[in-house]
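Right, one structure below, let's go through it.
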2 protein chains.
Amino acid sequence: MLNQTDRIDTLFQALADPTRRMMVERLSRGPASVSELAKPFRMSLPAVVQHLAILEQSGLVKTRKLGRVRTCTIDNSVLSLAETWLNERRQEWERKLDRLETFLAEPEDEEPHNG
Amino acid sequence: MLNQTDRIDTLFQALADPTRRMMVERLSRGPASVSELAKPFRMSLPAVVQHLAILEQSGLVKTRKLGRVRTCTIDNSVLSLAETWLNERRQEWERKLDRLETFLAEPEDEEPHNG
DNA sequence: GCGTTACTTAAGTGCATGCTTAACCAAACC
DNA sequence: GGTTTGGTTAAGCATGCACTTAAGTAACGC
């Protein structure tokens with residue numbers, strides 16, 4: 001079973017590869033079969049499928065097979081999981097900066113409440 | 001020299017490790033020295049510094065040395081670079097879904113313009 | 001000046017990752 | 001029913017990554 005940390009882990013891991021990011025970009029424009037997905041790349045099909053497997057494990061991509069063709073779709077909710085993580089960090093730091101600014105602008109009659 | 005793809009590459013790569021994400025979380029709450037940053041972890045100091053180097057290469061963290069202590073700060077603009085990438089993908093897919101919905105809801109007198 | 005603190009450098013190790021080729025399977029096509 | 005087409009399985013390989021220990025440097029505190 002995968003806890004939250006591990007999920008974000010495999011998620012960023014999945015996005016860390018340029019091939020996989022291109023595959024995500026392709027899929028954000030609409031579903032595609034495995035061979036469609038493979039077309040832009042020079043690498044072998046098994047290599048592409050291995051990348052796809054990693055995207056699936058991360059939850060970013062869902063696939064289902066009909067006849068002999070496997071169709072791949074993106075899962076937006078997982079995409080936004082990463083987005084949220086980044087956003088939280090950024091906001092925290094921005095709040096920190098704001099408090100610092102306020103502190104510097106203020107006359108010395110008030111304490112900063114850090115912690 | 002690092003192009004846009006490579007930058008996002010090293011950026012997600014940097015975020016793919018739980019140790020490094022925890023370091024980012026720590027730094028989003030305010031600057032820290034190397035040894036402060038290392039404190040929560042069981043690993044050796046050189047290991048922590050290696051992680052830090054990767055965070056620096058990604059641009060996520062800036063450091064400067066004063067006397068013998070190196071102080072680390074987060075760079076929000078780089079954080080939001082990743083955020084933007086994710087957001088663009090998500091929005092693209094959402095627009096796609098909207099168009100699909102519209103198409104399905106509409107009577108068959110109009111063409112979908114997928115291309 | 002001498003120890004402690006805060007890193008830094010270097011070298012090595014084991015395991016994960018990103019490929020490859022070769023062979024296989026089964027739906028679709030004629 | 002034989003051949004493409006679309007994908008799968010398996011095995012192997014080179015490189016990268018996340019550590020480790022050991023030894024070194026340089027500022028600071030007394």
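- The phosphate of C:dC19 has neither OP1 nor OP2 within less than 4.0 Å of any side-chain N or O from A:Arg42.
- Distance A:Glu56 CD to D:dG7 P: 13 Å, rounded to the nearest Å.
- Between B:Glu94 and B:Arg90 there is a salt bridge, with a side-chain nitrogen of the basic residue lying less than 4.0 Å from a carboxylate oxygen of the acidic one.
- Counted by atom type alone, B:Gln13 and B:Asp9 present zero donor-acceptor pairs between their side chains at under 3.5 Å.
- Spacing between atom CZ of B:Arg64 and atom C1' of D:dA27 amounts to 17 Å, rounded to whole angstrom units.
- Across all strands shown, A:Ser35 has heavy atoms under 4.0 Å from sugar-phosphate atoms exclusively, and none from any base.
- Distances shorter than 4.0 Å separate some side-chain N or O of B:His51 from OP1 or OP2 on D:dC19.
- The CE atom of B:Met43 sits 13 Å away from the P atom of D:dT21 (whole-angstrom rounding).
- Dashed line: the shortest gap from a side-chain N or O of A:Ser44 to OP1 or OP2 of C:dT20 is under 4.0 Å.
- Checked against C:dT21, C:dT8, D:dC19, the side chain of B:Thr19 finds its nearest nucleotide in D:dC19.
- The nearest heavy atom of DNA chain C to A:Pro46 and to B:Val34 marks one nucleotide each, and the one closer to the 5' end goes with B:Val34.
- Side-chain polar atoms of A:Glu25 and B:Trp85 form a donor-acceptor pair below 3.5 angstrom.
- Summarising the geometry, the separation between CD on A:Glu36 and P on D:dG6 is reported as 9 Å, rounded to the nearest angstrom.
- Side-chain nitrogen and oxygen atoms of B:Ser33 include at least one within less than 4.0 Å of the OP1 or OP2 phosphate oxygen of C:dC7.
- For the pair B:Leu66 CG and C:dC7 P, the interatomic distance rounds to 12 Å; values are reported in whole Å.
- Computed from coordinates, the B:Phe41 CZ to C:dC7 C1' distance equals 17 Å when rounded to whole Å.
- Mapping A:Ile54 and B:Leu52 onto DNA chain C by nearest heavy atom places B:Leu52 closer to the 5' end of the strand.
- The base of C:dT9 does not come close enough to the side chain of B:Gln50 for any donor and acceptor atom to sit less than 3.5 Å apart.
- Taking atom CG of residue A:Asp17 and atom P of nucleotide D:dC17, one finds them 12 Å apart after rounding to whole Å.
- Atom-to-atom, CZ of B:Arg70 to P of D:dA26 comes out at 14 Å; the value is rounded to the nearest Å.
- Remark: side-chain polar atoms of A:Arg89 are not paired, donor with acceptor, to backbone N or O of B:Ser28 under 3.5 angstrom.
- Within the 4.0 angstrom heavy-atom criterion, base atoms lie near A:Leu45.
- Between B:Lys65 and C:dT8 there is a side-chain N or O to OP1 or OP2 distance below 4.0 Å.
- Nearest approach of B:Ala82 to A:Leu86, heavy atoms of both residues: CB-CD1, 3.6 Å.
- The side chain of B:Arg68 approaches D:dA27 more closely than any other nucleotide in the set D:dT21, D:dA27, D:dG7.
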